[in-house]
Participant: 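I'd like to ask you about the structure that follows.
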There are 2 protein chains.
Amino acid sequence: MADTNICPKFEKALSILNKRWTGLIVFQLLNGSQRFCHIESEIGISGRVLSERLKDLEKEGIVKRTVYDETPVRIEYSLTEKGLALEPVLNAIQNWADNWMEQEAVN
Amino acid sequence: MADTNICPKFEKALSILNKRWTGLIVFQLLNGSQRFCHIESEIGISGRVLSERLKDLEKEGIVKRTVYDETPVRIEYSLTEKGLALEPVLNAIQNWADNWMEQEAVN
DNA sequence: TAATTAACTTACTTTATGTAAGTAAGTATA
DNA sequence: TATACTTACTTACATAAAGTAAGTTAATTA
């Protein structure tokens, strides 16, 4: 990316949020801690990309991966404080969608 | 994309906003009407993709393309009412970035 | 006349995503 | 015991999206 005049924090934030699936994953996790397969089927993402995204989001401190040492192990993903702080962003999008998106068939 | 339980308007909105560059383009146009080359150099996007995105955003009714019939012609891009309504979304992201993003080198 | 600018488009390369199958560990079912 | 199934992934390969660089058209300036 070339040099810009835009606030680097803002730009960094957008580079995370602009990635495909990130918004939906965070939105989904706002409902609470969830397992890999559950997120996968709820939002219709492929396992390959979900795995990748969750790692990215973990690295960014937005998502937390917790291993419950039962048998068999249970692994759950949840939002950190930083991740929860994205709720107003998602709400703003929801609000915009309600006011401006036409109800139409998706394809 | 597979079936989900998520509000279709919200999902549609995310499918637009989640696309690379969309956020930055809208953010840039919040400063007012601008020409192609200006947007291109300000946000560091390639002409190829900018052209594509502006067409998408126009189709979605978020951006308006105006041709001023001078010589040489001047073409300007601006936000529609629907596009301007995205300001709270960008503000929410800016706010989150200010509170949670660490200042660090962008590679 | 040559060089420059704006607004793109085209051709080609690289990166991201999708699809499908595979793996490892454990569970349930016949 | 053997077969099938579940979870949480990973791997290999195919397709789609984005980046890079050069080209186009029309007009302007040096």
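Protein chains get the first letters and strands the later ones, always in sequence-line order, with residue 1 at the start of each.
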Participant: To the nearest Å, give me how far apart CG (Asp56(B)) and C1' (dA16(D)) are.
Facilitator: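 The distance from CG of Asp56(B) to C1' of dA16(D) comes to 14 Å, rounded to the nearest Å.
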
Participant: When all nucleic acid strands are considered with a 4.0 Å heavy-atom cut-off, which category describes Glu52(B): base, sugar-phosphate, or nothing?
Facilitator: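 Contact class for Glu52(B): sugar-phosphate only.
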
Participant: Please state whether the phosphate of dT9(C), meaning OP1 or OP2, lies under 4.0 angstrom from any side-chain nitrogen or oxygen of Ser51(B).
Facilitator: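 So the side chain of Ser51(B) is within the cut-off, an N or O lying under 4.0 Å from OP1 or OP2 of dT9(C).
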
Participant: Output the rounded distance in Å from NZ (Lys19(A)) to C1' (dT17(C)).
Facilitator: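 The distance from NZ of Lys19(A) to C1' of dT17(C) comes to 11 Å, rounded to the nearest Å.
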
Participant: Between dG18(C), dA7(C), dC9(D), which nucleotide has the shortest distance from any of its atoms to the side chain of Ile75(A)?
Facilitator: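 Selected nucleotide: dC9(D).
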
Participant: When you check the phosphate oxygens OP1 and OP2 of dT7(D), does a side-chain N or O of Tyr68(A) lie under 4.0 Å from one of them?
Facilitator: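 Result: no.
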
Participant: At under 4.0 Å, does any side-chain N or O of Tyr77(A) touch on OP1 or OP2 of dC9(D)?
Facilitator: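 Yes, within the criterion.
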
Participant: Could you check whether Thr66(A) and Glu76(A), counting side-chain N and O atoms only, form a donor-acceptor pair closer than 3.5 Å?
Facilitator: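 There is no such pair (donor and acceptor under 3.5 Å, judged by atom type) between the side chains of Glu76(A) and Thr66(A).
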
Participant: Look at Arg35(B) and dA7(C) and indicate whether a side-chain polar atom (N or O) is within less than 4.0 Å of OP1 or OP2.
Facilitator: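 The answer is yes; a side-chain N or O of Arg35(B) sits under 4.0 Å from OP1 or OP2.
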
Participant: Please step through side chain to side chain contact (heavy atoms under 4.5 Å, CB included) for the pair Asn95(B) and Asn91(B), ending with a clear verdict.
Facilitator: CA-CA 6 Å; Asn95(B) 194 49; Asn91(B) 285 342; over 6 Å; no

Participant: Whole angstrom is fine here: how far is it from CD in Gln34(B) over to P in dA6(C)?
Facilitator: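 To the nearest whole Å, that distance equals 14 Å.
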
Participant: Looking at Arg20(B), does any N or O in its side chain come under 4.0 Å of the phosphate oxygens OP1/OP2 on dA16(C)?
Facilitator: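 Answer no for this pair, as no side-chain N or O of Arg20(B) is under 4.0 Å from OP1 or OP2.
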
Participant: Could you tell me how far apart Arg74(A) (CZ) and dG26(C) (C1') are, to the nearest whole angstrom?
Facilitator: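 These atoms are roughly 15 Å apart.
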
Participant: Around Lys64(A), counting heavy atoms of other residues, nucleotides and ligands shown, do more than 12 lie under 6.0 Å from its NZ?
Facilitator: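 No, the 6.0 Å shell around NZ holds no more than 12 heavy atoms from other groups.
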
Participant: Glu70(B) has an atom CD; how far is it from atom C1' of dA26(D), in whole Å?
Facilitator: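 Rounding to the nearest Å, CD of Glu70(B) and C1' of dA26(D) are 15 Å apart.
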
Participant: Can you tell me how far CD1 of Ile62(A) sits from OG of Ser78(A), rounded to the nearest 0.5 angstrom?
Facilitator: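 The CD1 atom of Ile62(A) is 13.0 Å from OG of Ser78(A), to the nearest 0.5 Å.
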
Participant: May I ask you to evaluate whether Trp21(A) reaches the phosphate of dA16(C), defined as a side-chain N or O under 4.0 Å from OP1 or OP2?
Facilitator: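 Result: no.
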
Participant: Whole angstrom is fine here: how far is it from CD in Glu40(B) over to P in dA21(D)?
Facilitator: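 About 13 Å, once rounded to whole Å.
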
Participant: Need one value for Ser46(B): base, sugar-phosphate or nothing, where a base atom within 4.0 Å counts as base even if backbone is also close, heavy atoms only.
Facilitator: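 Result for Ser46(B) = base.
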
Participant: Measure from CD on Glu76(B) to C1' on dA6(C) and round the result to the nearest Å.
Facilitator: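 Between C1' of dA6(C) and CD of Glu76(B): 12 Å.
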
Participant: Does dA7(C) have OP1 or OP2 under 4.0 Å away from a side-chain N or O of Arg48(B)?
Facilitator: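 So the side-chain polar atoms of Arg48(B) never come under 4.0 Å of the phosphate oxygens OP1 or OP2 of dA7(C).
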
Participant: Starting from P on dA21(D), measure out to CD1 on Ile45(B) and report it in whole angstrom.
Facilitator: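 Atom-to-atom, Ile45(B) to dA21(D), this comes out as 16 Å.
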
Participant: If the cut-off is 4.0 Å, is Arg65(A) near the phosphate of dC9(D), judged by side-chain N/O to OP1 or OP2?
Facilitator: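 For dC9(D), OP1 or OP2 has a side-chain N or O of Arg65(A) closer than 4.0 Å.
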
Participant: For Gly32(B), does its backbone N or O pair with a side-chain atom of Gln34(B) as donor and acceptor, under 3.5 Å?
Facilitator: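 Yes, Gln34(B) side chain to Gly32(B) backbone: donor-acceptor pair under 3.5 Å.
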
Participant: Does Lys55(B) make a side-chain N or O approach to OP1 or OP2 of dT9(C) shorter than 4.0 Å?
Facilitator: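 For dT9(C), OP1 or OP2 has a side-chain N or O of Lys55(B) closer than 4.0 Å.
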
